[in-house]
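Notes follow the structure.
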There are 2 protein chains.
Amino acid sequence: MISDITFYLLEKGAHIEPKRITTGEVAKQIGVSQQTASRKLLELENQGDIEKVSGKLILTEKAISKVRACVAMALDALEGSGMSFTGTLVQGLGEGAYYLSQGQYTREFKKKLGFKPFAGTLNVSIVPEDIEKRITLRQQKPIAIKGFKKGKRTFGSISAYKCAISGVPCAIVFPERSSHGLHMLEIISKFNLRKKLSLSDGKKVLVEVVNTSGP
Amino acid sequence: MISDITFYLLEKGAHIEPKRITTGEVAKQIGVSQQTASRKLLELENQGDIEKVSGKLILTEKAISKVRACVAMALDALEGSGMSFTGTLVQGLGEGAYYLSQGQYTREFKKKLGFKPFAGTLNVSIVPEDIEKRITLRQQKPIAIKGFKKGKRTFGSISAYKCAISGVPCAIVFPERSSHGLHMLEIISKFNLRKKLSLSDGKKVLVEVVNTSGP
DNA sequence: ATTACTAATTCACGAGTAA
DNA sequence: TTTACTCGTGAATTAGTAA
């Protein structure tokens, strides 16, 4: 179970860099006494969920992983009626990365997806049983990224769908003129997903489509 | 806060259709007695988080919304972390250290970055694949350190970006007129990072850019 | 079987406070 | 200031049990 405090620290960005957060502040936030907040923070520290760095607090990778697992589980359940793809990671051509890292695209990605993608895409070869789902997905209203011209070259528009891999927010992108077949999904994220999730070619991945029609 | 029980019910798919779930089963799952599970389920029912339909349990829309909000918050926070560079530590010229240790600079560093930098910079030669990211980084709004004049000499303004190496807060600095090429990052920190992290020339380092868009 | 009541118990909480 | 200790109290938990 993830504690109130972990959520609060996450909200404060204490998973990125150490933050100065007092026990009194935590107490007020989660509605307990300063003493209880102090005790709970010590418990979290003993469990290895937080670390103290020169009087500041930072969430450990362990704690962040816990949150990711929890988010992934909840997403899985919530979008269970929604959609997910099973596939294996394959070597990309590097072409997609160049193509998608054009400034005009990345600015729109940032605006419409909420993140500026890492300069590299994840290519996932989905299992044949899921190709039907891919077609269903494409029938849904996509997040539209406009195309543009740059000199002689034309960069076509892109359809995107929010998704998550192991709780990490991503998007499946379908460039207007794709060189990939029906079995391939191209995925972008703010992160270098290979590093972040310790993925390598041939590994199995679960791509969970995030339903944006929620409240 | 979302309870263990809500998560368990979610896992069981009790947000889709009523499920036969006993108090004993819940007790075992969340590690409490059957009596406590019974009481907690009654509490959830009183709060309007679950409903009983012919002896079966179903999560209410209210409860599901709570979970959605929580997941959205966590995803949002997890998105917040950013770019990272892989590189190797190289011998600095010592020039940067002199330049950056000027009082006018250090005072502003203290104010805007939260630390007075150690009189020495870390020069990291990034891998070619990450040069693109460097350009992306420079497109983001930097922390601006003003320049000044001292006698005949002009000290130009500096652009800085918060980052972390092995969890130690640092900043990547881009002096207005840098002698470094695109492959080199100059990093400052409160600490002597070479000592603090036991680094030496040629060692691999991971520089994680900290998202400054937080509160 | 399962649920939920009451009574016993325990252990988490906040007050007070030293560092 | 903030943190974290001790300690008395009571809310939360478990045991026992009836339905």
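Chain A is the first sequence line, chain B the second, and so forth, proteins listed ahead of strands; every chain is numbered from 1. Any value given below was found using the heavy atoms of this structure, including those in side chains, with hydrogens, waters and symmetry copies removed.
- Counting to the nearest Å, the P atom of dT14(D) and the NZ atom of Lys28(B) are 16 Å from each other.
- Contacts of Glu51(A) classified as salt bridge (charged side-chain N to carboxylate O under 4.0 Å, His left out), with partners at least two apart in sequence or in another chain: none.
- Remark: the Arg68(A) side chain and the Ser65(A) side chain contain no N/O donor-acceptor pair separated by less than 3.5 Å.
- When the side-chain hydrogen bond (donor to acceptor under 3.5 Å, both in side chains) test is applied to Ser3(B), the partners found at least two apart in sequence or on another chain are Thr6(B).
- For the segment residues 30-42 of chain A, the set of residues with a heavy atom within less than 4.0 Å of an atom of DNA chain C comprises Val32(A), Ser33(A), Gln35(A), Thr36(A), Arg39(A), Lys40(A), in numerical order.
- Annotation: the terminal axes of the helix from dT2(C)-dA19(D) to dA19(C)-dT2(D) meet at 40°, where each axis is the rotation carrying the C1' atoms of four end pairs onto the next four (5 pairs per end, rounded to 10°).
- Residues forming a salt bridge (charged side-chain N to carboxylate O under 4.0 Å, His left out) with Arg20(B) (at least two apart in sequence, or on another chain): none.
- The nearest whole Å value for the distance from the CD1 atom in Ile5(A) to the P atom in dT3(D) is 12 Å.
- Scored by the salt bridge (charged side-chain N to carboxylate O under 4.0 Å, His left out) test, Asp4(A) finds no partners at all (sequence neighbours excluded).
- When the side-chain contact (heavy atoms from CB on, under 4.5 Å) test is applied to Leu206(B), the partners found at least two apart in sequence or on another chain are Lys195(A), Ser84(B), Thr86(B), Glu208(B).
- Applying the salt bridge (Lys or Arg N to Asp or Glu O under 4.0 Å) test to residues at least two apart or on different chains, none of the pairs has a partner in residues 142-158 of chain B.
- Taking every nucleotide of DNA chain C with any atom under 4.0 Å from a non-hydrogen atom of chain B, the first and last of them, 5' to 3', are dT2(C) to dC5(C).
- For Lys66(A), the side-chain hydrogen bond (donor to acceptor under 3.5 Å, both in side chains) partners two or more places apart in sequence, or in a different chain, are Asp49(A).
- Every residue meeting the side-chain hydrogen bond (donor to acceptor under 3.5 Å, both in side chains) condition with Lys52(A), not counting sequence neighbours, appears here in chain and number order: Glu45(A).
- Under the salt bridge (charged side-chain N to carboxylate O under 4.0 Å, His left out) criterion, Lys112(B) pairs with Glu108(B), sequence neighbours left out.
- The phosphate of dT2(D) (OP1 or OP2) has no side-chain N or O of Lys56(A) nearer than 4.0 angstrom.
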